[in-house]
Chemist: 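Dumping the structure here so I can ask a few things about it.
Only a predicted model underlies this, so the values are computations on that prediction, with no experimental measurement involved. In the text below, chain A, chain B and the rest are named by the order of the sequence lines, each starting its count at 1.
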Number of protein chains: 2
Amino acid sequence: MDTKQRILDEALTLFSEKGYANVFVADIAKRVGIKAPSLYKHYKNKQAIFDAIIEEMNRRFLEEAGALQISGDDAVADAEIYKHISEEQLITLGKDLFLYFLHDDYTRRFRKMLTIEQFHDKKLAAAYMKQYVDDPLSYQGMLLGLMASAGVLQTENVEIMTLHFYAPIYMLLTICDREPEREEEALKTMEAHIRQFNKLYARDEKPSQDNKKRLRRNTK
Amino acid sequence: MDTKQRILDEALTLFSEKGYANVFVADIAKRVGIKAPSLYKHYKNKQAIFDAIIEEMNRRFLEEAGALQISGDDAVADAEIYKHISEEQLITLGKDLFLYFLHDDYTRRFRKMLTIEQFHDKKLAAAYMKQYVDDPLSYQGMLLGLMASAGVLQTENVEIMTLHFYAPIYMLLTICDREPEREEEALKTMEAHIRQFNKLYARDEKPSQDNKKRLRRNTK
DNA sequence: GTCTATAAGAAGATAGAC
DNA sequence: GTCTATCTTCTTATAGAC
């Protein structure tokens, strides 16, 4: 990796651990293996390093969203798959999302940095919201919506069902960001959560009154 | 309010908006209406102000927990109440908790400050977790557990049911902390969430297979 | 591109008058 | 307890040699 990129990488690590103001240009330089003044040959000043990190983050987030959208479109095309999704697959879906968010090195450091810096700049708060709240809700809402259409899940309100699926995952994620030693416990809770979610929303063999209503409506 | 307390108050406001490192002693002094050097007659240094805030926070949190514990004990004594709790009361319970967390001036500023500073100090992360994750889960777990015992709600796993109740509230809270203009939307979502929660967990008139099992177990 | 030396300025903290 | 003046330290950033 070239020096210019290594500066971003080390700066991101430090910013995500201590916050922008508590990281000195000399700290970044030291980790890169150069002296502070050398760093100014690569970036105009400290703020420019931060800005470059945010730019890279936005680029990566966009790429990711694009990738999700594509598999999203595939999902629509292959809606058949979702008619027969099993509880185990639903658990895998949740766990994969969770572990990706938790362990992907970039996404983890970006998230921590955004968490620390969010109140300094409205744009950073917005970026956090989009990446960890609105986009996941929208993407998973689409998946769960497909399952509902396919009759695997049943609900009168896909939005709330999606909230019930994702909010516990989000909460467990913020727990692990703060106390990584609780990860194992969190994964177990996550699995229990999804099993329960599946039980609550899966189509009953014996439909209750509400379910009957819904089934009648669906057959129109 | 005396100067010593006003310093804490103004410092908390600033720390919660900009973070410790971005607030200068002169900023705090200015808001109090004195000059920076005068401030050193009240506190040894900047860190001492921060420490005093954390101390006050811990004191208030303990008081609160004590108060909750007392009403908790009352709740156990008056478990009868929870046998006949209505959906509207459940919504009120959730909304009240949410609006208290969101609007109580101290709790809001403490939470924002903890959010910003949590990665600087493990103790702050722990304080956040206790106040906004573990304690609410434990307190609400007790309430919902009572309702389950009373037969108003039914579940095989009170812990996960509590997660399903609280995680959406927690998520909506973090949304409103970052984007206060979404509060109205969040309150509507919250109400829909609790209605759905109630539908999912309320005892059916016609129990499903699982419910029959549970009812048999309960009559032992 | 990297270094040493150093300027420039910001922020925390103290001294001492009132 | 509050002020003005000032010290000290730390940090960013630049100058200029190699």
Side-chain angles (χ1 to χ4, degrees), chain A residues 1-57 109 112-114 116-121 123-124, chain B residues 1-57 109-110 112-121 123-124:
Chain A
M1 209 191 305
D2 63 345
T3 306
K4 189 152 184 165
Q5 185 58 35
R6 287 208 52 219
I7 292 169
L8 289 193
D9 197 55
E10 298 295 351
L12 173 57
T13 300
L14 288 168
F15 289 158
S16 72
E17 285 168 359
K18 317 211 263 175
Y20 180 83
N22 298 299
V23 173
F24 312 134
V25 176
D27 298 338
I28 303 169
K30 189 168 193 178
R31 289 183 67 121
V32 174
I34 58 179
K35 298 287 180 181
S38 310
L39 198 142
Y40 288 85
K41 297 286 178 186
H42 301 279
Y43 294 94
K44 201 185 106 211
N45 55 29
K46 186 181 169 186
Q47 185 63 42
I49 299 172
F50 185 81
D51 294 344
I53 289 173
I54 295 296
E55 210 178 314
E56 188 187 1
M57 183 189 75
R109 286 182 289 165
K112 281 186 147 193
M113 193 179 79
L114 285 181
I116 298 177
E117 301 298 335
Q118 62 184 321
F119 296 120
H120 299 170
D121 183 348
K123 273 183 291 187
L124 300 183
Chain B
M1 210 192 300
D2 64 346
T3 306
K4 188 152 184 163
Q5 185 57 38
R6 286 209 55 220
I7 291 170
L8 289 194
D9 197 55
E10 298 294 349
L12 173 57
T13 300
L14 287 168
F15 289 157
S16 72
E17 284 168 359
K18 316 210 262 177
Y20 180 82
N22 299 297
V23 173
F24 313 134
V25 176
D27 297 339
I28 303 169
K30 190 168 191 179
R31 289 184 66 124
V32 175
I34 58 179
K35 299 289 180 182
S38 309
L39 199 144
Y40 288 85
K41 297 285 178 188
H42 301 279
Y43 294 94
K44 197 186 109 213
N45 54 27
K46 188 181 170 186
Q47 185 62 43
I49 298 171
F50 185 82
D51 294 344
I53 290 174
I54 296 296
E55 208 178 318
E56 188 187 3
M57 182 189 76
R109 285 183 289 165
F110 283 145
K112 283 185 145 195
M113 194 179 79
L114 284 182
T115 300
I116 298 178
E117 303 297 336
Q118 61 184 324
F119 296 122
H120 298 170
D121 184 347
K123 272 183 291 187
L124 300 183

Chemist: Starting at atom OH of B/Tyr40, determine the distance to atom P of D/dC7, rounded to an integer number of angstrom.
Modeler: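 So the two atoms are 17 Å apart, to the nearest Å.
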
Chemist: So if I take every side-chain heavy atom of B/Ile34 and compare against D/dC3, D/dT14, C/dC3, which nucleotide ends up nearest?
Modeler: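 Nearest to the side-chain atoms of B/Ile34, counting from C-beta on, is D/dC3.
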
Chemist: How would you label the contact of B/Lys46 with the nucleic acid (heavy atoms, under 4.0 Å): base, sugar-phosphate, or nothing?
Modeler: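 Contact class for B/Lys46: sugar-phosphate only.
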
Chemist: Counting only heavy atoms not in B/Gln5, do more than 12 fall under 6.0 Å of its CD?
Modeler: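 Buried by this count: over 12 neighbours within 6.0 Å.
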
Chemist: Provide, to the nearest angstrom, the distance between the CD1 atom belonging to A/Ile49 and the P atom belonging to D/dT11.
Modeler: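 Value for this atom pair: 15 Å.
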
Chemist: Which of these, B/Asp121, B/Ile116, B/Thr115, sits in a side-chain contact (heavy atoms from CB on, under 4.5 Å) with B/Gln118?
Modeler: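 Output: one option passes, namely B/Thr115.
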
Chemist: Taking atom C1' of C/dA11 as reference, at what distance in whole Å does atom CG of B/Asn45 sit?
Modeler: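 Rounding to the nearest Å, CG of B/Asn45 and C1' of C/dA11 are 13 Å apart.
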
Chemist: Could you give the NZ-to-C1' distance, from B/Lys41 to C/dA17, as a whole number of Å?
Modeler: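 Answer to the nearest Å: 11 Å.
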
Chemist: How many angstroms lie between CG in B/Leu8 and CZ in B/Arg6, if you round to the nearest 0.5 Å?
Modeler: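 So the CG of B/Leu8 and the CZ of B/Arg6 are separated by 11.5 Å.
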
Chemist: Do any side-chain nitrogens or oxygens of A/Thr3 fall under 4.0 Å of OP1 or OP2 in C/dT2?
Modeler: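 True: A/Thr3 side-chain N/O within range (under 4.0 Å) of C/dT2 OP1/OP2.
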
Chemist: Can you measure A/Arg6 atom CZ to C/dT2 atom P for me and round it to whole angstrom units?
Modeler: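 Distance check: A/Arg6 CZ to C/dT2 P gives 11 Å.
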
Chemist: Between the side chains of A/Gln47 and A/Asp51, is a donor N or O closer than 3.5 angstrom to an acceptor N or O?
Modeler: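 Side-chain D/A pair, A/Gln47 to A/Asp51: present.
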
Chemist: What class does the angle between the rings of A/Tyr20 and A/Phe15 fall in, given that below 30° is parallel, 30 to 60° is tilted and above 60° is perpendicular?
Modeler: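 Tilted.
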
Chemist: Within this structure, what is the CD1-to-C1' distance between A/Ile28 and D/dA13, rounded to whole angstrom?
Modeler: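 Atom-to-atom, A/Ile28 to D/dA13, this comes out as 13 Å.
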
Chemist: Could you work out which one of C/dG12, C/dC3, D/dA13 sits closest to the side chain of B/Phe24?
Modeler: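 Nearest to the side chain of B/Phe24 among the choices is C/dG12.
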
Chemist: As a test of reading the structure: which of C/dA13, C/dG1, D/dA13 is closest to the side chain of A/His42, going by heavy atoms?
Modeler: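 The answer is C/dG1.
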
Chemist: Under 4.0 Å, counting only non-hydrogen atoms across every strand here, what does B/Val32 touch: a base, just sugar-phosphate, or nothing?
Modeler: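 No contact at all - B/Val32 keeps every heavy atom at 4.0 Å or more from the nucleic acid.
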
Chemist: Nearest whole Å is fine: how far is C/dA13 P from B/Asp27 CG?
Modeler: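 About 14 Å, once rounded to whole Å.
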
Chemist: Which whole-number value in Å describes the distance from A/Leu39 CG to C/dT4 C1'?
Modeler: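 Between C1' of C/dT4 and CG of A/Leu39: 16 Å.
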
Chemist: Could you tell me whether the phosphate oxygens of C/dC3, OP1 or OP2, come under 4.0 Å of any side-chain nitrogen or oxygen in A/Ser38?
Modeler: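 For C/dC3, OP1/OP2 do have a side-chain N/O of A/Ser38 under 4.0 Å.
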
